[in-house]
There are 2 protein chains.
Amino acid sequence: MASRTAASNTSTSLDADAWIDAAFDALAEGGIDAVRIDPLAKRLGVTRGSFYWHFTDRAALHQAMLKEWRKRASYQVGSRIDSRTSAPDERLRQNLALPKSTARAKRAAAIELAIRLWAQRDAQAARAVKHIDAVRLKYYAKLYGEMGLSPVLARKRAFLFYAALLARAYISTDDETDVGDDLASMLSLD
Amino acid sequence: MASRTAASNTSTSLDADAWIDAAFDALAEGGIDAVRIDPLAKRLGVTRGSFYWHFTDRAALHQAMLKEWRKRASYQVGSRIDSRTSAPDERLRQNLALPKSTARAKRAAAIELAIRLWAQRDAQAARAVKHIDAVRLKYYAKLYGEMGLSPVLARKRAFLFYAALLARAYISTDDETDVGDDLASMLSLD
DNA sequence: GCCTCGCCATACACAGGTGTATGGTAGCGC
DNA sequence: GCGCTACCATACACCTGTGTATGGCGAGGC
């Protein structure tokens with residue numbers, strides 16, 4: 001009766017991943033408190049009955065979201081850019097050059113922001129954020145290490161690099177004053 | 001009858017600022033959606049009747065919060081550190097040396113995070129964030145300019161400096177791997 | 001000593017969300 | 001073609017929050 005709004009599933013039945021995808025949309029728009037079952041059901045064109053088949057609880061969905069985010073965020077590190085062909089400085093530079101104004105990028109940034117806020121009151125979310133931050137920092141430090149920097153200096157540079165990456169997404173600057181492309185020179189990438 | 005939990009007002013009547021203060025507490029803990037009238041009233045030891053005397057609406061409270069945040073954030077820039085005695089590089093260094101683990105600092109960071117997430121769906125919040133970011137970037141660029149950097153380079157350094165400042169608050173790292181104090185050397189502050 | 005006014009409590013109608021219990025249905029195995 | 005199973009709809013009880021209307025109450029003007 002109701003038309004499915006999901007992209008992949010047109011008429012077949014929903015699976016848990018469809019709920020998780022929709023949950024991330026809601027998370028990006030309104031934070032973890034906006035991840036509510038009834039609105040998600042309306043968005044998916046089904047009723048709550050479907051949800052309680054796939055999940056026991058609202059908390060279960062939250063857990064599944066964290067698990068999924070850990071997977072995605074870990075997977076992205078080092079695989080967005082082909083990790084075999086490029087030199088380390090080239091890989092870092094390409095990370096900085098990733099689009100930041102596309103719908104995809106904005107959604108990802110909003111999701112991260114929401115999870116970081118969520119992590120302030122939820123221990124599980126805090127653990128996930130801590131883990132992902134450590135993974136990313138370690139990866140960037142590894143790249144700087146491959147460029148010849150000492151481990152200590154590589155860690156510092158990695159932190160600054162990660163800071164620039166996050167700030168580029170979170171600081172709302174006019175696009176005219178965007179200094180993104182010039183960051184490379186200050187991050188020892190030339 | 002009910003005991004007032006606010007710090008300043010022990011038994012006299014509440015004013016709008018008391019509501020706004022409590023609202024910022026709720027904002028820091030759960031985002032803008034957690035700024036609800038009923039829970040705030042319970043926290044303040046009064047009922048909704050008081051709220052609807054001082055504010056017409058929930059939206060009015062949100063507006064007042066944004067106005068207050070604009071005021072505080074603008075005021076903090078350049079006045080946390082005595083703006084007359086110190087040299088520009090000293091002022092920047094002291095900004096980096098500001099505590100980040102105190103309850104006050106964590107609350108402020110959480111509030112900013114929540115407002116940035118809020119700004120993704122609310123135009124007024126987005127304007128406030130954009131304004132504050134511009135003010136801060138301009139201030140840091142001015143300091144770098146006073147250190148002798150060219151306007152263009154000063155703006156770049158200011159962005160990186162601001163990025164480091166935000167990241168120090170948002171990236172959840174173990175305190176052992178904290179590189180905060182070493183940032184200065186990478187930001188042309190020595 | 002009344003009256004007004006600032007401030008708050010109480011009560012009501014309404015909306016929206018949660019979880020549960022139960023029923024319906026389409027498809028597949030055999 | 002029977003039945004089982006996966007998946008979803010429906011209905012119910014409950015809770016929490018909003019906004020509004022109205023009543024109460026203490027303090028100061030005069």
Side-chain angles (χ1 to χ4, degrees), chain A residues 1-65 114 118 121-122 124, chain B residues 1-65 114 118 121-122 124:
Chain A
M1 37 161 67
S3 64
R4 296 280 149 70
T5 54
S8 51
N9 275 329
T10 39
S11 75
T12 171
S13 60
L14 261 54
D15 54 349
D17 284 337
W19 281 96
I20 294 179
D21 276 357
F24 274 114
D25 283 340
L27 178 72
E29 290 166 17
I32 193 61
D33 285 327
V35 179
R36 304 186 117 79
I37 301 167
D38 251 20
L40 289 183
K42 273 166 197 154
R43 216 186 280 221
L44 289 169
V46 293
T47 63
R48 266 196 328 284
S50 170
F51 177 85
Y52 286 101
W53 173 258
H54 295 289
F55 302 90
T56 70
D57 209 283
R58 203 165 88 107
L61 176 62
H62 292 343
Q63 270 190 265
M65 291 174 70
W118 181 21
R121 41 172 175 143
D122 185 281
Q124 275 195 301
Chain B
M1 35 162 64
S3 65
R4 297 281 149 72
T5 54
S8 51
N9 275 330
T10 39
S11 75
T12 172
S13 60
L14 260 55
D15 54 349
D17 283 337
W19 281 96
I20 294 178
D21 276 358
F24 274 115
D25 284 340
L27 178 71
E29 289 166 16
I32 192 61
D33 284 326
V35 179
R36 305 186 115 79
I37 301 168
D38 251 20
L40 290 183
K42 273 168 197 153
R43 216 186 281 221
L44 290 169
V46 294
T47 63
R48 265 195 330 280
S50 169
F51 177 85
Y52 286 102
W53 173 258
H54 294 291
F55 303 90
T56 70
D57 210 286
R58 203 165 88 107
L61 176 63
H62 292 345
Q63 269 189 265
M65 292 175 69
W118 182 19
R121 43 175 172 140
D122 186 281
Q124 276 194 301

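Sequence lines set the chain letters: A, B, ... in the order given, protein chains first and strands last, and positions in each chain run from 1.
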Q: Taking all non-hydrogen atoms of both residues into account, name the closest pair between B:Trp19 and B:Ser50 and its distance.
A: NE1-OG, 3.2 Å
Q.
Can you tell me which residue among B:Leu61, B:Leu40, B:Asp57 is in a side chain to side chain contact (heavy atoms under 4.5 Å, CB included) with B:Phe51?
A. B:Leu61
Q.
Would you say A:Trp53 places a side-chain N or O within less than 4.0 Å of OP1 or OP2 belonging to D:dC8?
A. no
(Q) Could you check whether A:Arg121 pairs with A:Asp33 (Lys NZ or Arg NE/NH1/NH2 to Asp/Glu carboxylate O, under 4.0 Å)? (A) yes
Q) If only side-chain N and O atoms of A:His54 are considered, is one of them under 4.0 Å from the OP1 or OP2 phosphate oxygen of D:dA6? A) no
Q: Indicate for each nucleotide in nucleotides 12-20 of chain C, in 5' to 3' sequence, whether protein heavy atoms under 4.0 Å reach the base (B), only the sugar-phosphate (S), or nothing (-).
A: B----SBBB
Q: Calculate, to the nearest 0.5 Å, the distance between atoms CZ and CG belonging to B:Arg43 and B:Asp21 respectively.
A: 11.5 Å
Q: Would you kindly give the CG-to-C1' distance between B:Leu44 and C:dC7, to the nearest whole Å?
A: 14 Å
**Q.** Rounded distance (nearest 0.5 Å) linking atom CG of A:Asp15 with atom CG of A:Asp17
**A.** 5.0 Å
Q: Figure out the CG/P separation between A:Asp33 and D:dT16, and round it to whole Å.
A: 15 Å
Q. With sequence neighbours left out, what residues match B:His62 under side chain to side chain contact (heavy atoms under 4.5 Å, CB included)?
A. B:Ile32, B:Val35, B:Arg58, B:Met65, B:Trp118
Q) Can you check the B:Leu40 CG to C:dC8 C1' distance for me, whole Å? A) 16 Å
